Amino acid sequence: MAKTDSNPTQNSRRSFLKQTGSAVAGGSFLAGSSFLITGTKASGAIDGANDRVRIAVAGLNGRGQAHIAGWAKAPNVELAYVADPAGKVLAKRMDSLASRAEGKLTTRGIGDIRQALDDPTVDAISIATPNHWHSLMTIWGAQAGKHVYVEKPMSHDIAEGRVVVEAQKKYGVVIQHGTQRRSNAGVAGLHEALKSGKLPRLKIAYGYCCKPRNGIGHEPISDPPADLNWEHWKGPAVIDQYHANYVPYDWHWFWETGNGDLNNQGTHQLDVARWAIDDDQTHPTRTMAIGSRFQWDDQGVTPNTMFAMAEYPNGQMVFFNVRNVNYEGYERQVFNEYYLEDGSIITGEGNYKILRPGASKAEPLKLDQGHVTPGGNWNAFIAAVRAGDPSMANGNVMDAHYGCVLGHIMNNSYRLGTEVPFSETASDFGGNEDAIEHFGRLHNVMSEGVGISGSDAKYQLGPMLTFNADTERFEGERADEANGLVKDANNPGYEVPSVDAV
Ligand SMILES: NC(=O)C1=CN([C@@H]2O[C@H](COP(=O)(O)OP(=O)(O)OC[C@H]3O[C@@H](n4cnc5c(N)ncnc54)[C@H](OP(=O)(O)O)[C@@H]3O)[C@@H](O)[C@H]2O)C=CC1
Ligand SMILES: O=C1CO[C@H](CO)[C@@H](O)[C@@H]1O
């Protein structure tokens, strides 16, 4: 890991950042209050009375603010650093912190998270950068002995996710994925009931990521803004030239930096769907996707419409819908559904209803709460850090890896797709009747709701890919092309190490 020339330990003074009107007494932190501690503790060791956790947040524009607020509410957590490569974003966040600080603000604003990694008194980092940075920064964090809270998706491609897994094993740090539904004991309870046989066996776990969005237009190639360290923003991502649609947020819709909505919002629902699959299953072995970027005629390239399916070796399936196009009467659907072998359908999120075969109305499904580390996503991470126990993470590194790869291989099928006429019989989905029926519903929304029609309209139909769950490589038809998508190219100085070199 490259070293920086800063002296991050120079601020040895503690001070406190006031977030609300509550009071901090005697220089100590009142557990459960809404203060954010800033400053530096004398030692990085987390023990006994000095169990303060010092954390550095990377990525400050959108989700990074939720991270700061989340750590502020966690007892005895100290915001040591905030990092962002854009000078204006960093200055704005620092101003905001300073305006709420009691006394001198000692949180350090930095452009490069490696300054915080070099500080032995930092215990953990929390990553809210664009997706292409998630794995590399997590790996750097593990190598530096820091615990890591990393936003979803933990990986931008299949191979780097595996490196994170191996880094976690080697360095033993806590890694928690930003899939906060993993902290929901109601969701855990349903999945435990499904797996223990208290409910009929799960056949299809279905995720929906259907929230309306708009196109992003076209931005010309230009110089990056003067305050932005563009080389560092790109980091591992190979991007030819800057345009203003990358920064901020709309990087989601370019494959070099994002993963489309399937592995954006959809990561939450993909993760829940996979969590419901039997515990002895790792990756699906067959997957395919069909979709398009309808309606917008913009610069983004990832699909705004998608139906994808994945089949696990035990026959259980994950189905997934993405539907971002906007139209009058749009039905927002961001949730999961469970189709059981006896024909029942379960819906809800932590508070479930079941529609039994032949019944006209769904009935409430009363279940025991499942096992999660209590306290919500932020507190669970801090509890795991204090205990030094990676298994306490709500959404650990393996959960993250399997959930993200599920989305990556669906996206890979889509990316290898060919154009076919816009039709409800665009694919036979390997003969899967359930998939044919569910794709038909999405197709109807596109034709009747969105009004897509005519010979110019096309779907991009991806091949049925075969994935070897042991080697994490594709096999069989189109395998060479699919394996070309397993690992992204990286820029010099920002290479994701190999599994052997981690
Ligand atoms: N769990 C959840 O519910 C949610 C999770 N997320 C996840 O959070 C992540 C961030 O999303 P969002 O905030 O919407 O995206 P934004 O683009 O709005 O913000 C990302 C920030 O990261 C900064 N950044 C880029 N590279 C680096 C780097 N090397 N070091 C530090 N900061 C960097 C960006 O810099 P710049 O200032 O130049 O743009 C920007 O400020 C995404 O991965 C997303 O999936 C988002 C929303 C909710
Ligand atoms: O639009 C968004 C808001 O909710 C999602 C939840 O993780 C985000 O990631 C996404 O970018």
Side-chain angles (χ1 to χ4, degrees), residues 2 56-70 81-94 109-117 125-138 140-141 149-156 176-184 209-214 216 224-237 239 242 244-254 257-272 302 322 324 332 334 376-378 381 394-395 400 403-404 407 491 493-494:
V57 175
L60 306 175
N61 191 53
R63 183 64 177 166
Q65 295 179 69
H67 282 219
I68 291 171
Y81 294 85
V82 289
D84 201 284
K88 285 183 186 161
V89 173
L90 182 60
K92 195 169 163 194
R93 208 58 60 230
M94 289 300 288
I110 53 178
D112 186 333
I113 193 67
R114 285 174 289 192
Q115 281 184 248
L117 297 181
I125 61 172
S126 87
I127 304 171
T129 64
N131 298 1
H132 61 278
W133 258 107
H134 290 180
S135 285
L136 182 59
M137 213 177 267
T138 303
W140 284 354
Y149 185 101
V150 57
E151 269 310 335
K152 30 63 55 178
M154 180 185 79
S155 59
H156 184 255
Q176 184 170 306
H177 199 207
T179 46
Q180 51 272 21
R181 283 160 186 77
R182 285 273 175 179
S183 294
N184 185 327
C209 162
C210 301
K211 46 164 52 166
R213 296 184 184 275
N214 293 308
I216 58 174
D227 73 301
L228 174 64
N229 181 343
W230 173 236
E231 290 308 310
H232 193 62
W233 191 98
K234 282 192 295 182
I239 301 172
Y242 175 87
N245 259 335
Y246 281 120
V247 184
Y249 192 79
D250 287 329
W251 50 263
H252 277 298
W253 322 126
F254 300 91
T257 46
N259 301 86
D261 221 16
L262 176 78
N263 239 339
N264 173 35
Q265 171 59 55
T267 310
H268 292 294
Q269 286 70 42
L270 280 168
D271 178 63
V272 169
T302 60
V322 174
N324 294 145
R332 191 182 194 280
V334 180
N377 55 316
W378 312 112
F381 175 71
N394 286 343
C404 292
N491 290 315
Y494 294 98

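Every value quoted in this text rests on a predicted model; they were computed, and no experiment measured them. Note that ligands are numbered from 1 as they come in the structure, with each ligand's atoms numbered from 1 the same way.
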Measure from [atom] to every heavy atom in [options] and give the option owning the shortest one.
atom: atom 20 (C) of ligand 1; options: G62, P248, A128; answer: A128
atom: atom 3 (O) of ligand 1; options: Q180, Q265, K92; answer: Q180
atom: atom 37 (O) of ligand 1; options: V57, V82, D84; answer: D84
atom: atom 28 (C) of ligand 1; options: M137, H134, Q65; answer: M137

Under 4.0 Å from ligand 2 - residues by heavy atom, chain and number: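 Around ligand 2, where the cutoff is 4.0 Å for heavy atoms, the contacting residues are K152, K211, R213, Y249, H252, N264, Q265, H268.
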Set of residues satisfying side-chain contact (heavy atoms from CB on, under 4.5 Å) with respect to A86, sequence neighbours excluded: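 Applying side-chain contact (heavy atoms from CB on, under 4.5 Å) to A86 gives D84, V89, D227, L228.
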T257 side chain to W251 backbone, donor-acceptor under 3.5 Å: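 Side chain of T257 to backbone of W251: a pair is present.
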4.0 Å heavy-atom contact, V247 with ligand 1: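 So V247 counts as touching ligand 1.
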Test item, A83 contacting ligand 1 (heavy atom, 4.0 angstrom):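 Contact check A83 vs ligand 1: positive.
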First locate atom [atom1] of [X], then atom [atom2] of [Y], and finally report the distance between them rounded to the nearest 0.5 Å.
X: N324; Y: T302; atom1: CG; atom2: OG1; answer: 8.0 Å
X: H177; Y: S155; atom1: NE2; atom2: OG; answer: 7.0 Å
X: L270; Y: Q265; atom1: CG; atom2: CD; answer: 10.0 Å

Ligand 1 atoms in contact with H232 (distance to a heavy atom under 4.0 Å):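 In order of number, 29 (N).
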All ring-ring contact (aromatic ring centres under 6.0 Å, His included) counterparts of W133, not counting sequence neighbours: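 If we apply the ring-ring contact (aromatic ring centres under 6.0 Å, His included) test to W133, skipping adjacent residues, the hits are W140, H232, Y494.
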Which residues share a side chain to side chain donor-acceptor pair (under 3.5 Å) with N184, sequence neighbours left out: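 Per chain and number, N184 pairs via side chain to side chain donor-acceptor pair (under 3.5 Å) with no residue.
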Contact check, side chains of D261 and H252, non-hydrogen atoms, under 4.5 Å: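 D261 does not reach H252 side chain to side chain.
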Test applied, side chain to side chain contact (heavy atoms under 4.5 Å, CB included); reference residue, N131; option that passes from H156, M154, E151, K152: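 Only one option passes, and that is H156.
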